[in-house]
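No experiment lies behind these values; they were computed from the predicted model shown. The basis for the numbers below is simple: all heavy atoms, side chains too, and nothing from hydrogens, waters or symmetry mates.
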Amino acid sequence: MIDTQNISKKLNAAAKKDLAGRRMKHVQPLRGVRGTPHATVASVIAATWKQGQLDLMRDSEQIHELFSTAHEDGLVAIGLVAALVPDAPQEALDLAERWIDLVDDVETADALGWMVYAPGLAAGGEPIVEVLCSYVRDARPIVRRLSVMALMARLPVPLEGPCAAAIRERVGNRRALLIDQADSKTLRPVCSAYIQDSDPLVRKALARVIRAWGQCAPAVVEEFLAEVPGGVNRRIREEAQRGIRKGIRLSTFSDDSR
């Protein structure tokens, strides 16, 4: 049984008021910010995972309570559920969809979309394109951003941030990947659905996704950009071209080294 109170105590003991103040300039969740360093958040996630007592079917309510306690507690909850997706995808999806209604900061949205929601949809056999595109007219930019950042799970990109700690422990690799090659069949329609979104939060996420996609599949992304009706936002196009150029360089280097 997961001891959520002990987790919160550890996070609170490591909290720093000055860090909380700096972090509040970037994230302002209603749940509040403790000011716990990301390194501590990651170590708490890893230590909890190593105890080997997690069962998502049994512990879902406790993990939900942990998510609802404070910003850093929520990151721990996301990190633990992310590592449990292969074992209980439907339970992970149920939690993710509960949390989507509560998300109000970028850090939580990005981690939830990337490490729980999209992996849960894929593992559960859900129609990932239709589900992610269903949020395109959601009034909340943070939810649209979450849907876009979920596409990072369909790219062979190493996981980032403290929420990846338990997955790294599970697979025994600091550069853990969720997929071996770019899933362009998912990336193309979902990126197309969000490409005209004018909100800066969504555009920034889309630029990151398309840049990473361009690095993995430069020819596909060049074709995608050329087909967008009315053209692509300048910032997104610039980031996409950066990824495409890097992808071509890497491909050339790989060919030359054979």
Side-chain angles (χ1 to χ4, degrees), residues 23 25-27 38 75 78-79 82 96 100 103-119 121-122 128-129 131-133 135-136 138 140-164 167-168 175-228 231-251:
R23 193 167 288 166
K25 295 178 181 178
H26 304 285
V27 297
H38 279 164
L75 297 180
I78 289 171
I100 286 173
V103 168
D104 58 0
D105 72 271
V106 167
E107 188 174 20
T108 300
D110 290 358
L112 181 58
W114 185 352
M115 298 183 209
V116 178
Y117 199 40
L121 290 169
I128 187 169
V129 171
V131 172
L132 295 181
C133 288
Y135 293 101
V136 73
D138 195 291
R140 299 161 294 173
I142 198 70
V143 172
R144 302 199 304 276
R145 180 183 173 111
L146 183 154
S147 301
V148 170
M149 282 300 295
L151 292 174
M152 293 296 289
R154 309 310 297 165
L155 288 161
V157 177
L159 298 175
E160 299 175 5
C163 292
I167 295 179
R168 293 179 184 131
R175 289 178 56 80
L177 305 176
L178 295 177
I179 196 169
D180 294 329
Q181 60 184 7
D183 176 13
S184 294
K185 289 184 178 179
T186 295
L187 287 153
R188 186 191 291 266
V190 179
C191 285
S192 294
Y194 287 92
I195 198 69
Q196 302 299 340
D197 197 305
S198 61
D199 190 276
L201 286 179
V202 182
R203 280 186 172 175
K204 189 172 182 179
L206 193 59
R208 180 179 181 184
V209 167
I210 296 179
R211 183 181 71 226
W213 184 21
Q215 184 175 326
C216 299
V220 175
V221 175
E222 281 189 317
E223 182 180 279
F224 167 76
L225 294 175
E227 293 175 350
V228 174
V232 179
N233 169 266
R234 181 177 60 83
R235 170 69 184 277
I236 294 175
R237 180 174 290 280
E238 288 174 352
E239 290 298 301
Q241 293 296 339
R242 284 180 57 193
I244 289 168
R245 288 194 296 271
K246 186 170 183 179
I248 292 172
R249 288 198 306 273
L250 291 174
S251 177

Reported [atom1]-to-[atom2] distance for the pair [X] and [Y], which is rounded to 0.5 angstrom:
X: R188; Y: E227; atom1: CZ; atom2: CD; value: 5.5 Å
X: R23; Y: D105; atom1: CZ; atom2: CG; value: 10.5 Å
X: D183; Y: C216; atom1: CG; atom2: SG; value: 11.5 Å
X: M149; Y: R144; atom1: CE; atom2: CZ; value: 15.5 Å
X: I128; Y: S147; atom1: CD1; atom2: OG; value: 10.5 Å

In terms of ring plane angle, is the pair F224 and W213 parallel, tilted or perpendicular, where the classes change at 30° and 60°? tilted

Which atom pair, heavy atoms only, marks the closest approach of [X] to [Y]?
X: A182; Y: L187; value: CB-CD1, 4.3 Å
X: S184; Y: A217; value: OG-CB, 4.3 Å
X: A111; Y: C163; value: CB-SG, 3.7 Å
X: V103; Y: I142; value: O-CG2, 3.6 Å
X: L146; Y: A109; value: CG-O, 3.5 Å
X: V129; Y: T186; value: CG2-CA, 3.8 Å

Taking side chain to side chain contact (heavy atoms under 4.5 Å, CB included) as the test, write out the residues that go with V136, two or more places apart. A193, Y194

Taking C-beta and beyond as the side chain, do [X] and [Y] meet within less than 4.5 Å on heavy atoms?
X: M152; Y: L155; value: yes
X: R208; Y: K204; value: no
X: R154; Y: V209; value: no
X: Q241; Y: L225; value: yes
X: I210; Y: R237; value: no

Only one of D197, V190, D199, I195 passes side-chain contact (heavy atoms from CB on, under 4.5 Å) with L206; say which it is. I195

For L178, the option from P119, P158, P156 that meets side-chain contact (heavy atoms from CB on, under 4.5 Å): P119

Any salt bridge linking E238 with R242? Criterion: basic side-chain nitrogen under 4.0 Å from a carboxylate oxygen. no

Donor-acceptor check, side chain of [X] to backbone of [Y], threshold 3.5 angstrom: yes or no?
X: R145; Y: L201; value: yes
X: R168; Y: L159; value: yes
X: R203; Y: I236; value: no

Side chain to side chain contact (heavy atoms under 4.5 Å, CB included) assessment of V228 paired with Q196: CA-CA 9 Å; V228 174; Q196 302 299 340; 3.8 Å; yes

For R211, the salt bridge (charged side-chain N to carboxylate O under 4.0 Å, His left out) test, sequence neighbours excluded, returns E239

Using ring-ring contact (aromatic ring centres under 6.0 Å, His included) as the criterion, list what pairs up with W114, not counting sequence neighbours. none

